[in-house]
Undergrad: 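Below is a structure I'd like to ask you about.
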Amino acid sequence: MAAPRLVVSRIHPRPVMRWSHCFVPTLKEVPADAEIVSHQLLLRAGLVRKLAGGLYTFLPLGVRVLRKVEAIVREEMNRAGALEVLMPALQPPEIWQASGRYETARDVLFKLKDSAGREWVLSPTAEEVITTIAAAELNSYRQLPVNFYQIGIKFRDEIRPRFGLMRAKEFYMKDAYSFDATDEGAMASYRKMYDAYNRIFARCGIQAFPVEADTGVIGGNYSHEFMVPAVTGENDVVYCETGGYAANIEKATSRGSVVPTPKGRTGEAPESFATPGVVTIEALTAAPYSVPAHAQIKTLVYVADSKTILILLRGDDQLNEAKLMARTGAVQVRAATADECQAALGARPGSLGAVARVPATIKVYADEQLRGAQGMTTGANEDGFHLRHVEIERDIRVDQWADFRTVKAGEADVATGEPLKIRRAIEVGHVFKLGTKYSEKLNATFLAENGQRHPCVMGCYGIGVTRTVQAIIEQCHDKDGIIWPTSVAPFEVCLTPLNVAEGAPTRVLAESIYAELTAAGIEVILDDRDERPGVKFKDSELVGFPLRLNLGEKSLAKGEVELKPRGQVVQMIPVAEASARIIAWVQAERARIRQSAGVA
RNA sequence: CGGGACGUAGCUCAGCCUGGUAGAGCACUUGGUUUGGGACCAAGACGUCGCAGGUUCGAAUCCUGUCGUCCCGACCA
């Protein structure tokens with residue numbers, strides 16, 4: 001018997017990307033798990049699959065998109081002068097204790113133990129690690145400024161993962177950290193990142209606009225979030241169309257309520273009146289009391305870092321907890337329980353007030369909207385009774401006035417006086433000026449020109465790469481599927497011969513056009529599946545390739561092929577021009593996007 | 001952490017109320033017919049009905065617990 005002949009296949013340097021070999025498990029039906037359209041399309045287009053709540057596997061096409069976004073981020077970070085590093089995701093808890101975030105971030109921090117019983121944390125960000133590096137390695141002002149970044153997997157113990165990649169337990173993120181010798185230097189570093197972020201999102205083909213943001217538990221004093229407008233977003237953005245003001249609702253301010261606060265002096269003393277069963281602002285506005293909400297004082301009992309405090313707001317205003325934390329410096333705040341209210345003021349929620357029986361140990365905060373308020377009605381600190389004729393500055397001990405209220409749509413912009421609008425948005429990026437919070441705690445100091453030792457002035461800058469992928473889908477889709485911007489599409493062109501038989505003219509032509517496009521640097525997928533045309537058309541539109549070329553025998557007989565930009569009408573073009581037209585189309589799209597980002 | 005809903009084939013779901021040993025469509029395999037917008041015919045394969053207890057002669061179905069998934073809430077006194 002003859003020995004079997006060993007056939008060694010030649011490895012092609014760049015094998016033809018055929019749909020049949022690409023693993024694109026598209027779904028006709030909407031997965032039951034997915035609520036929002038971008039999440040549905042991620043699954044339906046075969047980009048990701050769920051492993052468990054908040055944990056996703058990226059499939060080949062999904063990885064291609066992720067890598068494209070990542071490449072844009074990396075290019076622009078490099079352009080901005082940042083230096084790429086790679087830090088461990090597994091980190092010792094000691095540095096988290098040193099920064100204080102072992103406590104303040106404990107709700108989102110994954111912890112685990114190794115076989116020796118030693119504890120570790122999984123990194124949600126890396127301020128502690130990079131500051132440790134800075135403490136050891138940055139010794140002189142001559143080494144500053146410097147900006148380190150990394151791109152990798154981060155972990156957050158989300159209490160409620162949702163919306164696919166939007167809020168996940170594990171996600172892909174770019175995080176950067178700048179170190180400067182001076183405050184002005186830090187502002188310049190911040191500005192560089194701010195500009196880079198604008199370029200990054202423009203190059204991803206989405207509209208993301210910067211808004212003023214609260215800094216939250218991470219600390220610092222100057223911050224912007226980059227927001228993608230979307231009804232499915234988890235943030236409310238307040239903005240003024242004419243003046244350009246835009247802020248996260250946690251931070252936003254206005255000239256105040258459109259309904260003026262009552263200030264007519266009555267001269268009458270506070271008077272108790274019976275309000276049996278009335279425990280809401282709403283109930284007191286009804287007959288027989290008929291006290292409008294804006295003439296009521298809402299008294300909130302809060303526990304801020306285990307201290308009981310009172311916050312007074314106008315009855316029609318909402319407390320903004322982010323502002324409460326910012327104004328009081330508290331790290332954790334929560335509403336007091338009914339029992340705690342009883343203990344503090346002697347009454348149940350619904351009858352609380354600050355006029356009487358407020359122990360001196362309880363600090364009283366009041367919202368600016370209440371300044372000068374007279375003729376107000378508030379709880380009497382006696383169940384079933386309220387007080388009328390209250391003048392806040394005469395009758396209530398206010399320890400601190402500040403802005404604690406949540407801005408409402410229609411209120412006047414501070415700068416222009418124009419009415420503010422509110423819309424939902426997805427946060428895809430965040431830039432902070434951190435100051436010296438971490439450098440002081442972790443001893444990242446340098447020797448200045450004058451020989452003095454100073455803590456580095458830091459900034460930190462994040463982009464949710466996986467979340468950005470989903471935000472792109474949320475903004476770029478129609479009823480048929482995704483419409484990828486060319487810059488992030490898994491492939492730029494989908495070649496679709498309708499007859500794929502070996503030697504069929506459509507197949508032969510598709511292969512030769514594939515070679516020409518690939519040689520010109522275009523990213524092409526060849527749909528070689530022996531499927532009916534409808535299946536191939538639906539799939540390519542679901543996945544969302546920016547440009548498709550249909551090669552059918554009927555039009556080919558007339559010397560034509562069909563150019564189908566995603567979301568636009570078909571154009572018939574001569575066969576001989578096909579490759580050149582496609583190359584021109586793709587290059588024009590690439591250039592258009594780069595120009596819009598100002599990096600042409 | 002509180003509330004709600006749901007866990008049945010790879011996917012979307014029916015069956016559960018009224019207990020009697022599991023179904024449809026899509027997808028998959030084989031053969032045939034089709035071939036420009038998610039084809040048709042025939043045959044086939046695919047299930048510890050989330051898991052664990054309990055009730056019962058008998059449980060996908062009723063009860064208890066548990067795990068998982070999704071949604072709402074965790075400011076509105």
Side-chain angles (χ1 to χ4, degrees), chain A residues 25-36 39-40 43-44 46 49-55 107 157 159-164 167 232 234 236 249-250 275 277-284 293 296-302 310-325 333-342 344-345 347-354 367 378-381 383 386 404-406 408 480-481 496-501 504 506 529-542 548 550-557 561-562 564 570 572:
Chain A
T26 56
L27 302 172
K28 259 196 260 194
E29 299 191 79
V30 179
D33 276 356
E35 178 81 0
I36 68 174
H39 186 195
Q40 294 170 353
L43 293 163
R44 290 191 56 211
R49 284 295 183 264
K50 184 174 75 174
L51 175 66
L55 299 172
D107 290 344
D157 190 1
I159 40 176
R160 189 179 159 203
R162 58 177 144 179
F163 302 148
R167 185 165 290 279
T232 54
E234 295 190 272
D236 281 310
I249 194 141
E250 295 182 339
T275 51
V278 172
V279 293
T280 62
I281 300 283
E282 175 79 22
L284 206 55
Q296 299 184 39
I297 298 171
K298 181 189 287 189
T299 307
L300 304 177
V301 182
Y302 258 72
L310 294 190
I311 305 105
L312 309 183
L313 293 162
R314 227 172 70 171
D316 57 341
D317 275 335
Q318 314 278 326
L319 175 65
N320 186 324
E321 284 196 354
K323 289 183 180 178
L324 179 63
M325 293 168 80
V333 300
R334 63 169 176 87
T337 64
D339 287 343
E340 287 168 332
C341 291
Q342 178 87 45
L345 296 178
R348 313 292 293 178
S351 304
L352 300 174
D367 183 75
T378 188
N381 274 346
D383 286 350
H386 280 75
F404 293 107
R405 63 191 291 275
T406 303
K408 290 188 280 239
D480 295 316
T496 309
L498 300 189
N499 182 351
V500 295
T506 52
R529 294 174 302 166
D530 186 14
E531 287 285 356
R532 297 167 68 84
V535 172
K536 300 170 80 155
F537 294 159
K538 287 287 185 192
D539 267 350
S540 77
E541 281 155 22
L542 176 59
R548 186 176 72 219
N550 299 338
L551 303 118
E553 283 171 331
K554 284 178 198 161
S555 46
L556 204 54
V561 289
E562 294 170 6
K564 173 77 169 70
V570 165
M572 305 300 299

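These values consider heavy atoms only, across backbone and side chains, with no hydrogens, waters or symmetry-generated copies. Chain naming here is simple, since letters A, B, ... match the order of the sequence lines and numbering starts at 1 in each.
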Undergrad: Whole-Å distance between B/rA27 C1' and A/K28 NZ?
TA: 8 Å
Undergrad: How far, in whole Å, is B/rU64 from B/rG3 if one measures between their P atoms?
TA: 15 Å
Undergrad: Starting the side chain at C-beta, find the nucleotide from B/rU69, B/rA77, B/rG36 nearest to A/P533.
TA: B/rG36
Undergrad: Taking pairing as Watson-Crick or G-U wobble with both contacts under 3.5 Å, can you name the mate of B/rU33, or confirm there isn't one?
TA: B/rA39
Undergrad: Between B/rA43 and B/rC26, how far apart are the two P atoms, rounded to whole Å?
TA: 14 Å
Undergrad: Using a heavy-atom cut-off of under 4.0 Å over every strand shown, decide if A/E531 touches base, sugar-phosphate, or nothing.
TA: nothing
Undergrad: Given B/rG38, B/rG37, B/rC76, identify the nucleotide with an atom nearest to the side chain of A/R548.
TA: B/rG37
Undergrad: Report the nucleotide, chosen from B/rA77, B/rC72, B/rC76, that has the shortest atom-to-atom distance to any side-chain atom of A/R160.
TA: B/rC72
Undergrad: Tell me what A/V279 touches on the nucleic acid: a base, only sugar-phosphate, or nothing, going by heavy atoms under 4.0 Å.
TA: sugar-phosphate
Undergrad: Output all residues satisfying side-chain contact (heavy atoms from CB on, under 4.5 Å) with A/D236, sequence neighbours left out; order by chain, then residue number.
TA: A/I249, A/I422, A/R424
Undergrad: Tell me which nucleotide among B/rA77, B/rG36, B/rC75 gets nearest to the side chain of A/L300.
TA: B/rA77
Undergrad: Measure from the side chain of A/T280, starting at C-beta and using heavy atoms only, and say which of B/rA77, B/rG38, B/rU69 lies closest.
TA: B/rA77
Undergrad: Please determine if a side-chain N or O atom of A/R162 lies less than 4.0 Å away from the OP1 or OP2 oxygen of B/rC72.
TA: yes
Undergrad: Given that A/T406 and A/K536 both sit by RNA chain B, which one's nearest nucleotide is further toward the 5' end?
TA: A/K536
Undergrad: Nearest whole Å is fine: how far is B/rA27 C1' from A/L542 CG?
TA: 15 Å
Undergrad: Could you give the CG-to-P distance, from A/D530 to B/rG36, as a whole number of Å?
TA: 13 Å
Undergrad: Collect all protein-nucleotide pairs involving nucleotides 8-13 of chain B in which both atoms are nitrogen or oxygen and the distance is under 3.5 Å.
TA:
unit_1	atom_1	unit_2	atom_2	d
B/rU12	OP1	A/A32	N	2.8
B/rU12	O2'	A/E29	OE1	3.4

Undergrad: For B/rC51, what is the paired nucleotide under Watson-Crick or G-U wobble rules, both distances under 3.5 Å?
TA: B/rG65
Undergrad: State which of B/rG73, B/rA77, B/rA39 makes the closest approach to the side chain of A/V535.
TA: B/rA39
Undergrad: At 4.0 Å (heavy atoms only), tell me whether A/A338 reaches a base, stays on the sugar-phosphate, or touches nothing.
TA: nothing
Undergrad: Using the C1' atom as the reference point in each nucleotide, state the distance between B/rC17 and B/rC11 in Å, no decimals.
TA: 27 Å
Undergrad: Give the rounded distance in Å between these two atoms: CZ of A/F537 and C1' of B/rA39.
TA: 15 Å
Undergrad: So A/R44, base contact, sugar-phosphate only, or nothing? Heavy-atom distance under 4.0 Å.
TA: base
Undergrad: Sticking with atom C1', work out how far B/rC46 lies from B/rG54, rounded to a whole angstrom.
TA: 32 Å
Undergrad: When rounded to the nearest Å, what value does the distance between C1' atoms of B/rG36 and B/rU48 take?
TA: 47 Å
Undergrad: Considering the options A/L324, A/N320, A/L312, which one meets the side chain to side chain contact (heavy atoms under 4.5 Å, CB included) requirement together with A/F404?
TA: A/L324
Undergrad: For B/rC57, which nucleotide is its Watson-Crick or G-U wobble mate, given both distances must be under 3.5 Å?
TA: B/rG20
Undergrad: Looking at every strand, decide which applies to A/I281 at a 4.0 Å heavy-atom threshold: base, sugar-phosphate, or nothing.
TA: sugar-phosphate
Undergrad: Between A/R548 and A/E541, does at least one N-O distance fall below 4.0 Å, as a salt bridge requires?
TA: yes
Undergrad: Measure from the side chain of A/L319, starting at C-beta and using heavy atoms only, and say which of B/rC75, B/rU69, B/rG38 lies closest.
TA: B/rC75
Undergrad: Using a heavy-atom cut-off of 4.0 Å across all strands, would you classify A/D317 as base, sugar-phosphate, or nothing?
TA: nothing
Undergrad: Between B/rA74, B/rA27, B/rA77, spot the one nearest the side chain of A/P349, thanks.
TA: B/rA77
Undergrad: Sort me out a list of protein N/O and nucleotides 41-50 of chain B N/O pairs below 3.5 Å, or just none if empty.
TA:
none

Undergrad: What is the distance from atom CD of A/Q342 to atom CG of A/D383, rounded to the nearest 0.5 Å?
TA: 6.0 Å
Undergrad: On RNA chain B, does the nearest nucleotide to A/K564 precede the nearest nucleotide to A/Y302 from the 5' side, or the other way round? Give the residue.
TA: A/K564
Undergrad: Go through the structure and list residues passing side-chain contact (heavy atoms from CB on, under 4.5 Å) with A/A501, not counting sequence neighbours.
TA: A/N499, A/A504
Undergrad: Going by the rule ring pair (Phe, Tyr, Trp, His ring centres under 6.0 Å), which residues pair with A/H386 if we only count those two or more places apart in sequence or in a different chain?
TA: none
Undergrad: Applying a 3.5 Å limit to both distances, which nucleotide forms a Watson-Crick or G-U wobble pair with B/rG2?
TA: B/rC72
Undergrad: Checking base pairs now: Watson-Crick or wobble, both atom distances under 3.5 Å. What partners B/rC26?
TA: B/rG10
Undergrad: Across the strands shown, which category fits A/G552 at heavy-atom distances under 4.0 angstrom: base, sugar-phosphate, nothing?
TA: base
Undergrad: For A/E234, look at atom CD and say whether over 12 heavy atoms of other residues, nucleotides or ligands are found less than 6.0 Å away.
TA: yes
Undergrad: A/L300 versus A/L310: any side-chain heavy-atom pair under 4.5 Å?
TA: no
Undergrad: In whole angstroms, how far is the C1' atom of B/rC75 from the CG atom of A/D367?
TA: 14 Å
Undergrad: What nucleic acid atoms does A/S555 come within less than 4.0 Å of, heavy atoms only: base, sugar-phosphate, or nothing?
TA: base
Undergrad: Rounding to the closest angstrom, what is the interatomic distance between B/rU55 and B/rU12 at atom P?
TA: 35 Å
Undergrad: Go through the N and O atoms of the side chain of A/E541 and the base of B/rG37, and report whether any donor-acceptor pair is under 3.5 Å.
TA: yes
Undergrad: Measuring only the P atom in each nucleotide, how far is B/rC71 from B/rC62? A whole number of Å is fine.
TA: 26 Å
Undergrad: It should be established whether A/R532 places a side-chain nitrogen or oxygen under 4.0 Å from OP1 or OP2 of nucleotide B/rG38.
TA: no
Undergrad: Given the C1' atoms of B/rA27 and B/rA9, what is the spacing between them in whole Å?
TA: 11 Å
Undergrad: Under a 4.5 Å cut-off applied to non-hydrogen side-chain atoms, are A/V500 and A/T506 in contact?
TA: no
Undergrad: Across the strands shown, which category fits A/F163 at heavy-atom distances under 4.0 angstrom: base, sugar-phosphate, nothing?
TA: sugar-phosphate
Undergrad: Ignoring hydrogens and angles, write down the donor-acceptor pairs under 3.5 Å from the side chains of residues 25-32 of chain A, residues two or more places apart or on other chains.
TA:
unit_1	atom_1	unit_2	atom_2	d
A/T26	OG1	A/D539	OD1	2.9

Undergrad: Could you measure the distance from the NZ atom of A/K298 to the CG atom of A/D317? Nearest 0.5 Å is fine.
TA: 7.0 Å
Undergrad: Quick one: are A/Q318 and A/R405 in side-chain contact, heavy atoms under 4.5 Å?
TA: no
Undergrad: Just wondering, do A/L551 and A/T496 contact through their side chains at under 4.5 Å, heavy atoms?
TA: no
